[in-house]
Amino acid sequence: MTTKTHETTPVLPLPEGVARAVALVGGVIAAASAMMSWTWTSDFPGDLTYYGSPAGLQWLALVGGALTALLVLGSYGTPGIRWISPSGGKNGILFAALGTMAVCWYTVAAISIQLGGLANLEPGGWVAAIGSLIAVLGALGLPLDRRLTVKQPTVQWWWYAVAAASVLFWFGLDQGWVLVAIPDGIEDIFTTNTWFFLTLPAAILLFKGWLLLDKALRIGRIERPLPAVRELSSWIEILLIAGIFAVGLAAVTFGVSAEYGELFVGYLLLIGFATAALNSSGLLARIRDLTAKHRAVTTGGAFAAAGAFPFTQSSDTYTLIAVNILIFATVALGLNVVVGLAGLLDLGYVAFLGVGAYAAALVSGSPFSVFRGVHLPFPIAVLIGALAALVFGVVIGAPTLRLRGDYLAIVTLGFGEIFRITMNNMDGNSGPSLTNGPNGIAAIPDVTMFGFDFGKSHNILGIELGKFGNYLLLMLVATAIVVTVFSRVSDSRIGRAWVAIREDETAAEAMGINGFRVKLIAFALGATLAGLAGAVQAHVASAVSPDQYLFAGAVPPNSAFLLAAVILGGMGTISGPLVGAAMLFLIPAKLQFLQSYQLLAFGVALILLMRFRPEGLIASRRQKLEYHEADIPAQASPTDDALSKAGA
C-alpha cells in the first residue's frame, strides 16, 4: 500500500478545452508581439522600435510564446508535434507560459523604469504583456500535477517587525531625524547604503509571497513512463543529435553574445523556465536516452558544436569569454576528481592552476622570466606545468591527507594562500628572484605548433578566425584530454575506490582499501589536470600574476568559484562541472551592469539554486536519491501487503 502524494487537477476552474484554447492563443499572441514595436525610442537597449523585425528581448518573447504554443499542441497528441511532449503532462505548458510572461513583463518594467513611465510603451509591449498573461491563465486551467500537501517554513511575527523597523529606519534616514541617534563618524555607512533598508523588507515580502503562491498552486510532478519510441535508423538518430547540438549552439551563442545586461537577464529567465518546461514534458528524458544510445556521437557532437562557436563570431570579444569558460570548466572538472569522486574538500585548488601557469610561463620565452634564454616548445611547456602541479600535489597531499573533513579544508585553504603570498614575494627583494613578484611574468609568447601561429588571424573556409578563436580550439583539445582522463579513471577500480572513500572512509578501509594512498592519487591527479589547464591559461592571457589565484573574488577562476561550479553543476559527473563552470563564469561577466550589487545578485541566485536543486544542475542518480529521499512515496510494509500466518 502506497501513500498518494500528488493529484492531477487544474488551479483555475476552467473547462479543459477552453483552458487549452486560451493557453494556445496567449502563446501565439506573445510570439506575434515580437513583430511589433515595443517602445517609440531607440534609447532602450536593443532598439525595439521596428515592426516586422524582432530584436533583443523580442526574440526571447518569440521563442517563449512559440514554445508555449507547441507544448499545448504536443501535449494533446497533435500529429507531427506530439514528440515535443512525450509524457503528456501539462506542467510543461505552465512553465513555458511563466517563462514567456517573465520575459515580457520584465521587459515592460525595464522600459518603464529606464525611460520614465508606461507612456513609453508602444502597442507591441502591451500586446506582449497581455498575451503572456493570457497564456499563464490558460495553463492554470489545465489539469496540472499538484502536491496534495505543501510543507512550508513558518514565517515568525518578528520577521514582519524587522521589515517594518527597516522601512521606518529608511524613512528616518531620508528625513534626517534618525541621523541624530547615530554616533559621529559612521553616518556615511548608513547614508550610502539606504538601499539595504528597503531591500530587506522587500526580500521578506517576496519570500512570504512565494510561500503563499506555492501553497495556492501546489505544483509538483508525477513521474510518468514514457511511451515506447518508434525505432529509427541509426543515421536518422545521428541527424537528430546533430540538430539538438545545432539548437544548443544557437542558444549558447545568443547568451554569450548578449550585448547588454537587460538582454542577458531575460535570457536567463527564459532558459530557466524553458528547461523546466522541457523536463516536465519528458523531452529532455528522450534526449538523454537518445544521446546515451550514441554516446560516442554525442561526445563528438558536443566538441564539434563548441569548435563551431568561434566561426559564428565576427570579433574576438565574446570568443575570449568562451576561451575563459573552457579554462574554468576544465579546472573545475579536475577539482571534481578531488571533491566529486574522492570527497575531499579542497579550498586551495586554484593554487595548482597557478603552479602550472607559472611553470609554463618560466620556460616559454618570456623576457620577464628569469630563464629568458629558455623557450621550450608548447607541448613540453604544458608537460612541465602538469608535472610541476603533480609534484606540488604529492608534496602537499602526503602530510595533510591523513586529515579529514573541516581540518583538511583548512589546510588546503592555507596552501592556496601560501602559494599566492610566496609568488608575490619571489621578487628578488622579499625572497628569491623567480616570479617577478606582484608584477608577475608578462609578454608570454603566443603558441606556435607545426608552423601554425595561434596569435595571428587565419582564414579558414572563408571565415576569419582570430587569436582567441585559435586558442579556443586549442583549449578544446585540452578539455578533451581532461574529459577522457576523468571518464576512464572514474569507471576504473581506483575510481570505485574513490567513491567508496567518499561515502564512508572507515567502511572502505575495513574492506581493504588503502585510504591514504587512494586519496593521494586523487589529489595528485586533480593537481595534474589543473596544471595542464594553467599552462594553457598562461599563453591565452599572455601573463601570470599572483592576484589571479585568490581564494575568493568577483572574477573567476578562484577556489570558491571552482568549488561552487562542481557542487552546483553536479558532483561526480562529467557534464555537471562543465555546465556549472560555464554558468558561474558567464553570469558574473554579464552582470557587470549591476556594479557593486553584482555579487549580491549572484549570491541570491546561488541560494535559490541550492534551495530548489541541491543535487546540482546535472546530477547522478545517487545524488538525486540522496537529496530527494523525502519525496519518494513511502513503501508498504510486509504486514500491509499480506496477512501474517496468525491472521491467515
Side-chain angles (χ1 to χ4, degrees), residues 1-28 64-65 67-79 81-102 132-152 210-229 272-289 612-613 615 624-625 627-636 640:
M1 178 180 180
T2 59
T3 303
K4 185 178 181 182
T5 59
H6 290 73
E7 63 179 2
T8 303
T9 57
V11 177
L12 299 179
L14 296 175
E16 185 173 346
V18 173
R20 183 195 321 168
V22 170
L24 178 61
V25 170
V28 172
L67 179 61
T68 303
L70 288 173
L71 286 173
V72 172
L73 297 174
S75 63
Y76 286 96
T78 304
I81 308 179
R82 69 186 70 176
W83 56 268
I84 199 172
S85 184
S87 71
K90 309 302 185 292
N91 287 33
I93 301 173
L94 176 61
F95 289 133
L98 287 173
T100 308
M101 181 177 173
S132 60
L133 178 60
I134 291 174
V136 171
L137 294 177
L140 291 175
L142 297 172
L144 303 171
D145 297 340
R146 307 173 67 197
R147 292 164 288 168
L148 290 175
T149 58
V150 179
K151 296 180 180 179
Q152 292 185 331
W210 162 255
L211 293 180
L212 293 175
L213 184 63
D214 185 42
K215 186 176 181 180
L217 299 181
R218 296 186 283 111
I219 299 299
R221 186 182 180 189
I222 298 176
E223 294 288 345
R224 294 182 174 87
L226 300 181
V229 65
F273 279 106
T275 302
L278 296 179
N279 188 48
S280 297
S281 70
L283 183 60
L284 290 186
R286 274 282 163 80
I287 292 175
R288 283 193 294 268
D289 293 341
F612 296 104
R613 189 78 178 178
E615 71 274 22
K624 289 181 180 179
L625 294 176
Y627 285 102
H628 296 282
E629 185 177 0
D631 299 336
I632 302 175
Q635 300 297 316
D640 294 330

side-chain contact (heavy atoms from CB on, under 4.5 Å) assessment of Arg20 paired with Lys90: CA-CA 10 Å; Arg20 183 195 321 168; Lys90 309 302 185 292; over 6 Å; no

Write down the atom of [X], the atom of [Y], and the distance for their closest heavy-atom approach.
| X | Y | answer |
| --- | --- | --- |
| Ile134 | Gly26 | CG2-CA, 3.9 Å |
| Val28 | Ala69 | CG2-CB, 4.2 Å |
| Ile93 | Ala23 | CG2-CB, 4.4 Å |
| Gly282 | Ser87 | N-OG, 3.9 Å |
| Ala277 | Gly92 | CB-O, 3.2 Å |
| Asn91 | Gly220 | ND2-O, 2.8 Å |

Working to the nearest 0.5 Å, report the span between [atom1] of [X] and [atom2] of [Y].
| X | Y | atom1 | atom2 | answer |
| --- | --- | --- | --- | --- |
| Leu283 | Arg288 | CG | CZ | 10.0 Å |
| Leu278 | Arg286 | CG | CZ | 14.0 Å |
| Ile84 | Thr78 | CD1 | OG1 | 11.0 Å |
| Ser75 | Leu70 | OG | CG | 10.5 Å |
| Leu284 | Asp289 | CG | CG | 11.0 Å |
| Leu24 | Tyr76 | CG | OH | 11.0 Å |

Heavy-atom donor-acceptor pair, Ser281 side chain to Ser85 backbone, under 3.5 Å: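 No, the answer is negative, given that no donor and acceptor are paired below the 3.5 Å cut-off.
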
Test item: Arg147 side-chain N/O and Ile219 main-chain N/O as donor-acceptor pair under 3.5 Å: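 Answer holds: yes.
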
Distance-only side-chain donor-acceptor flag, Thr9 / Arg146, under 3.5 Å: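 There is such a pair (donor and acceptor under 3.5 Å, judged by atom type) between the side chains of Thr9 and Arg146.
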
Verdict with supporting geometry, Leu140 and Leu217, side-chain contact (heavy atoms from CB on, under 4.5 Å): CA-CA 9 Å; Leu140 291 175; Leu217 299 181; 3.9 Å; yes

Candidate pair Thr5 and Leu148, rule side-chain contact (heavy atoms from CB on, under 4.5 Å), full reasoning: CA-CA 6 Å; Thr5 59; Leu148 290 175; 5.6 Å; no

Candidate pair Leu142 and Leu94, rule side-chain contact (heavy atoms from CB on, under 4.5 Å), full reasoning: CA-CA 9 Å; Leu142 297 172; Leu94 176 61; over 6 Å; no

Pairwise side-chain contact, Leu71 with Phe95, heavy-atom cut-off 4.5 Å (strictly under):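 Of all side-chain heavy-atom pairs linking Phe95 with Leu71, none is under 4.5 Å.
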
Contact check, side chains of Met101 and Leu133, non-hydrogen atoms, under 4.5 Å: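 A side-chain contact exists here, since the closest heavy-atom pair is under 4.5 Å.
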
